[in-house]
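Order of the sequence lines sets the chain letters (A, B, ...), proteins ahead of strands, with each chain counted from 1. Values below: all heavy atoms of this structure, side chains included; hydrogens, waters and symmetry mates excluded. Keep in mind it's a predicted model, so treat the numbers as computed, not measured.
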2 protein chains.
Amino acid sequence: MSNHSTKSLRGDELRDQILSTALQMFADKGYFNTSIHDIRKEAGVSTGAIYHHFKNKEALAKSLYESLLIEIDNDINDVCKVHTGSYEKSRAIIKKMFALTMENPITMQFILMAQHREYLPDEPPICSSKPFQSMKNVISEGIKNQEIKNIDVWVAATTMFGGALRMMGLQLDGVLNQPLSDYLDEVVECAWLGIKQ
Amino acid sequence: MSNHSTKSLRGDELRDQILSTALQMFADKGYFNTSIHDIRKEAGVSTGAIYHHFKNKEALAKSLYESLLIEIDNDINDVCKVHTGSYEKSRAIIKKMFALTMENPITMQFILMAQHREYLPDEPPICSSKPFQSMKNVISEGIKNQEIKNIDVWVAATTMFGGALRMMGLQLDGVLNQPLSDYLDEVVECAWLGIKQ
DNA sequence: GTCTATAAATGGATAGAC
DNA sequence: GTCTATCCATTTATAGAC
């Protein structure tokens, strides 16, 4: 379980080691159930090393949160680029998020399931984060292009992505019997039927 | 802000005072950002009184969580009783949950947005709680009756209720300009189009 | 840049008076 | 049944050696 290896890391490698250990533990036990001492032990580093690389515990969590949101937003925009039309883009986004959930449940647990505002008080709600804005933009465009019917954009966006996000939550809670990819077609089809022109 | 009143409460009234203060503070600042001392101060009671009525902090949270889930489940079942058919029942459930969110945002914040497993480790995931099971049952029945098309029941349930739940989250995050009731018709219509036979 | 040791504060929980 | 006072463990963060 411990990330401690015989080779002792230094500099940026040590910083990455701290980040990945913290991510694992925050996702698994939650921010408040993970002490600096827990991270120190699990990562095989010293308290001083942690405080050298991060101002405090909150800054460590914030660094994780922001970089992971940017990563996901990049993934979303990458798959969007190779598709045209709101349907294709929405499908590609959901497919990508399903894949990320299966490949990297820890990251998705941390980003989607945690209540960041409890420990990052200055953070805006998740719905105004870049990935969620990107999703909303796809829907806005679809309404403008008349691919999607002319309803409130929040309603359209939550209809398109709300079910998929719940399915990701169910997968992370261990409730589903099959991998998310098995549900992709039905999820996308049902959501799209609700909003298509 | 303080719930402290000149008349000092005793017995069950004091217990209720503790519960409602704790609910407010847990919903507002989160479980881990609320200390027993905070609750003591805000409720205008003593530490001893809290520990007389509840074994510990966790038991206090658990008592709140369980009774609120039962209340919501009763509400859901009450509105279901006066409707027949999956569409009518689903619509009534969403309407009721929208109303509860507007009337009692604090309760909904605590039930829907918090990560209870971080401080109630023995609690099952929220999707297996009674209210969510009741929703899933409505969808199961609809599939059996062929009112809803024959797809995976989780997909159908998340399609029907996933968007509405996200809209409730947006409302609680203060993102929406209008009350949830204004979105009800569109939300229900979009969701139902996705799963109807 | 990383370590160990420890300071300083907080918070959950208990004891015992009333 | 409720109160006050306090104990003790935990935790964040710092100081200073290497």
A:A49 has a side chain; which of D:dA13, C:dT2, D:dA5 sits nearest to it? C:dT2
Rounded distance in Å - CD1 (A:I50) to P (D:dA13): 11 Å
Counting N and O atoms only, with roles assigned by atom type, does the side chain of B:D152 sit under 3.5 Å from a partner on the main chain of B:W154, one being a donor and the other an acceptor? yes
What's the NE2-C1' distance between B:H53 and D:dC3, to the nearest Å? 12 Å
Gap between atoms CG and P, on A:D38 and D:dT10 respectively (whole Å): 11 Å
Nearest to the side chain of B:L14, which nucleotide is it out of D:dT2, C:dC3, C:dG12? D:dT2
What's the closest nucleotide to the A:V45 side chain, out of D:dT12, D:dC3, C:dC3? C:dC3
Interatomic distance where CG belongs to A:N33 and C1' belongs to C:dG11 [whole Å]: 14 Å
Assign each of A:I36 and B:R40 the nucleotide of DNA chain D bearing its closest heavy atom; nearer the 5' end lies the nucleotide of B:R40
In whole angstrom, what separates B:I39's CD1 from C:dA13's P? 11 Å
Between the side chains of A:D38 and A:S35, is a donor N or O closer than 3.5 angstrom to an acceptor N or O? yes
Counting just side-chain N and O atoms, does A:H37 come under 4.0 Å of either OP1 or OP2 of D:dA13? no
If we ignore angles and hydrogens, is there a donor and acceptor under 3.5 Å between the side chains of B:E147 and B:S86? yes
Report the nucleotide, chosen from C:dT4, D:dC3, D:dG1, that has the shortest atom-to-atom distance to any side-chain atom of A:T47. C:dT4
Quickly work out the A:F32 CZ to C:dG11 P distance and round it to whole Å. 11 Å
Among C:dG12, D:dC3, D:dG1, which nucleotide sits nearest the side chain of B:H52? D:dG1
Please pick, from C:dG12, C:dT4, D:dT11, the nucleotide with the shortest atom-to-atom distance to any side-chain atom of B:S35. C:dG12
Starting from P on D:dT11, measure out to CD on A:E58 and report it in whole angstrom. 18 Å
Using every non-hydrogen atom in the two residues, find where A:T107 and A:L68 come nearest and quote the distance to one decimal. CG2-CD2, 3.7 Å
In whole Å, what is the span from the OH atom of A:Y31 to the C1' atom of D:dT10? 15 Å
Nearest to the side chain of B:Y51 - D:dT2, C:dG12, C:dT2? C:dG12
Among the candidates D:dA13, C:dC3, D:dT2, find the nucleotide nearest to the side-chain atoms of A:N56. D:dA13
Is the ring pair B:Y65/B:F110 parallel, tilted or perpendicular, if the boundaries are 30 and 60 degrees? perpendicular
